[in-house]
Amino acid sequence: MVFRRFRLLIILRVLFLTGTIALGLYLLFETSYIASTIVCGLLVLYQVFALIHFLEKTRRDVAHFLSSIKYGDFTETFSPVAPRDGKQDTLREAFHEVMMDFQKVRMEHEQQYRYLQTIVQHIGSGILVYDREGRVDLVNNAAKRIFGLPTIRNIDSLSHFGPELLETLRTIGPGKRRIVKAADEDDLLQLAIDATEFRRGGQRFTLVSIQDIQRELEEKELEAWRNLMRVLTHEIRNSIAPIASLADTAEEALTSACDTDTADEDLEDIHLAIKTIRRRSSGLLQFMEPFRTLYKIPPPEFEIVRVRDLLEHIREFFKPQCEEYDIESVFEVQPETLEITADPRQIEQVLINLVLNALDVMKDVDEPRLLVTAELDRHSRPVIHVEDNGPGIQPDVLEKIFIPFFTTKKQGSGIGLALSRQIMRRHNGRIQVFSDPGVKTVFTLRF
């Protein structure tokens, strides 16, 4: 419709110009009206100039319109009223309507893009999109939190988490899933990585979702141990308790019989056997009590705790032992005002277990040194480190030390570290260990 109007305007201008030229020729050759001929000639020149101006203006508007489309600049506006002569311009009106439609479509696309960006940025799993050269095209907040980095421009920047992670990101295929261990200093990550591929603009991209499943694995492991211990404790106690009760009853009866009759040798043997059964039954019931503590930990009573006060209590508690074995002990808190939200009694128990283990392994060490420090990690979360310069823990033992009842000590029960891990889990925290045999061992509590 717009171009029909444009064509009609051109035809009318050409017809009017042709008529004016015909009139001018008639006046020039057929009459002697010089003034009229000059006026007609000037009118012809004006119409020619107006036609050229009209076509040039139209060409500029079309060029401007096409340029805006080419570069995606839909902020340009074409007023239906021509800026110079103030007249209604149907072509500019059409351009204006098209630009408004483009702006509407673009706004809808931007809203959809922002909507998807919001979902991606707030999803719980880490999302990483990168090309074949490792250049990262998209990374969400969850991935930044997992790796503790403000931004990730290339997957090579994750090399300090170990070669296994980098190799997995480079070689994982679409539809594959891998479990990767990644270590950053003393922080251990257990990552589940799922991958897919897509093409955009002829370029291939890899999209991986990353989840830190270390906490979930620990929770499942602890839950399995708790269930096992709950069943074993229940069954053993149910079996031993009646035996102990019957042994008490039988012993009372035999004692009464021995008081009234002359006890022969067989009666004495029976009496001794029943006493042995009663004693061992009581011993087994007492032995089962530590098992119950591993799955009957009371819920934490949270309060705000100054870490300096907490460490000061631990320092005073172990001061006699440190002096007895000539162990240098250092307790530091940075910043001084560092606080945690925790059950102070349960966290003290965890620290007591860790410090006891540290003092025990340093008895035969030259120049033993205990270092207990508290600080904020790179995620601005409170951490407490318990470090000793003992013989360290071998790699094959390191993965087992938190398993209930596993111990390398002759008199150990294997409950202390398992109990400590359960307490930290109830505080929504973690306990980790790093050991360099012969140099140092560091236990870290992360809140």
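Heavy atoms from other residues, nucleotides or ligands lying under 6.0 Å from CD of Glu303 number more than 12. Annotation for Leu15: atom CG counts as buried by contact number, over 12 foreign heavy atoms lying within 6.0 Å. Counting non-hydrogen atoms of neighbouring residues, nucleotides and ligands closer than 6.0 angstrom, the CZ atom of Phe198 exceeds 12 such neighbours.
Shown here for Ile155 and Val136, the closest heavy-atom pair between the two residues is N-CG2, 4.0 Å. Between Gln321 and Leu356 the shortest heavy-atom distance is OE1-CD2, 4.1 Å. Minimum interatomic distance between Asn140 and Ser125 (heavy atoms only, all atoms of both residues): ND2-O, 2.9 Å. When all heavy atoms are compared, the tightest approach of Thr20 to Phe16 is OG1-O, 2.7 Å. Across every non-hydrogen atom of Leu310 and Pro344, the tightest pair is CD1-O, 4.0 Å. Heavy atoms only, all atoms of each residue included: Ser435 and Ile393 are closest at OG-N, 2.8 Å.
No side-chain N or O of Thr441 forms a donor-acceptor pair with one of Glu387 less than 3.5 Å apart. In this structure, a donor-acceptor pair under 3.5 Å is absent between the side chains of His385 and Thr373. With hydrogens and angles left out, the side-chain atoms of Arg178 and Thr171 include a donor and acceptor closer than 3.5 Å. Judged by distance alone, the side chains of Thr444 and Gln432 never bring a donor and an acceptor atom under 3.5 Å apart.
A donor-acceptor pair under 3.5 Å is absent between the side-chain atoms of Asn154 and the main chain of Ser157, judged by distance alone. A side-chain donor-acceptor contact under 3.5 Å links Asn389 to the backbone of Glu367. Listed for the Tyr130 side chain is a donor-acceptor partner under 3.5 Å among the backbone atoms of Leu169. Between the side chain of Arg381 and the main chain of Phe447, a donor-acceptor pair closer than 3.5 Å is present. The closest donor-acceptor contact from the side chain of Asp131 to the backbone of Gly134 lies under 3.5 Å.
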**Asked** Given the rule in the side-chain contact (heavy atoms from CB on, under 4.5 Å) test, do Leu149 and Leu158 qualify, once you have shown the distances and angles that lead to the verdict?
**Response** CA-CA 9 Å; Leu149 297 173; Leu158 306 176; 3.7 Å; yes
**Request:** In sequence, state the C-alpha distance, the side-chain angles, and the governing distance for Lys144 and Val139, and then conclude on side-chain contact (heavy atoms from CB on, under 4.5 Å).
**Result:** CA-CA 7 Å; Lys144 295 175 185 177; Val139 57; 3.8 Å; yes
**Request:** Evaluate the criterion salt bridge (charged side-chain N to carboxylate O under 4.0 Å, His left out) for residue pair Arg345 and Glu301; output intermediate values, then yes/no.
**Result:** CA-CA 9 Å; Arg345 291 159 294 278; Glu301 297 179 6; 3.6 Å; yes
**Message:** Pair Leu128, Leu207 - check side-chain contact (heavy atoms from CB on, under 4.5 Å), show working.
**Reply:** CA-CA 6 Å; Leu128 206 60; Leu207 184 151; over 6 Å; no
**Prompt:** So Arg200 and Asp137, salt bridge (charged side-chain N to carboxylate O under 4.0 Å, His left out) or not? Walk me through it.
**Reply:** CA-CA 11 Å; Arg200 190 185 66 191; Asp137 186 65; 3.3 Å; yes
**Request:** Begin with the C-alpha distance, continue with both residues' side-chain angles, and end with the deciding distance and a verdict on salt bridge (charged side-chain N to carboxylate O under 4.0 Å, His left out) for Arg135 and Asp156.
**Result:** CA-CA 9 Å; Arg135 292 186 296 268; Asp156 290 335; over 6 Å; no
**Item:** CA sep, side-chain torsions, deciding dist, call: Ile423, Asp343, side-chain contact (heavy atoms from CB on, under 4.5 Å)
**Value:** CA-CA 9 Å; Ile423 291 175; Asp343 186 325; over 6 Å; no
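Under the side-chain contact (heavy atoms from CB on, under 4.5 Å) test applied with Phe318, the options Val372, Leu351, Val355, Ile327 reduce to a single match, Val355. Applying the side chain to side chain donor-acceptor pair (under 3.5 Å) test between Asp194 and each of Arg177, Lys176, Gln211 identifies Arg177 as the sole match.
Note that CD1 of Ile384 and CD1 of Ile347 are 7.0 Å apart. Values are rounded to the nearest 0.5 Å. Atom CG in Asn353 sits 12.0 Å away from atom CD in Glu348 (nearest 0.5 Å). In this structure, CZ in Phe331 is found 12.0 Å from NE2 in His313, a value given to the nearest 0.5 Å. Distance check: Ser329 OG to Glu323 CD gives 8.5 Å after rounding to the nearest 0.5 Å. Between the CD1 atom in Ile340 and the CZ atom in Arg306 there is a gap of 12.0 Å [rounded to 0.5 Å]. Rounding to the nearest 0.5 Å gives a distance of 10.0 Å between CE of Met424 and CZ of Arg446.
Side-chain rings of Phe161 and Phe147 approach one another, their centers coming within less than 6.0 Å.
Proximity of Leu165 to Leu191: side-chain heavy atoms (C-beta onward) are separated by under 4.5 Å at one or more points. Side-chain contact check for Thr206 versus Thr196: every heavy-atom pair is 4.5 Å or farther apart. Inter-residue side-chain proximity for Leu359 and Tyr325 is flagged as unmet; no heavy-atom pair is nearer than 4.5 Å. Side-chain contact check for Val442 versus Lys440: some heavy-atom pair is nearer than 4.5 Å. Considering only heavy atoms from C-beta on, Val361 comes within 4.5 Å of Pro391 through its side chain. Between Arg308 and Leu338, the closest side-chain pair of non-hydrogen atoms is not below 4.5 Å. Contact of the Asn357 side chain with the Leu417 side chain is registered, since non-hydrogen atoms from C-beta on lie closer than 4.5 Å. Using a 4.5 Å heavy-atom cutoff, the side chains of Leu376 and Val383 are not in contact.
Aromatic ring orientation, Phe302 versus His427: perpendicular (interplanar angle above 60°, classes split at 30° and 60°).
In summary, Asp388 and Arg369 do not engage in a salt bridge, as defined by a charged side-chain N under 4.0 Å from a carboxylate O. Under 4.0 Å is where a charged nitrogen must lie from a carboxylate oxygen, and between Glu312 and Arg315 at least one such pair does.
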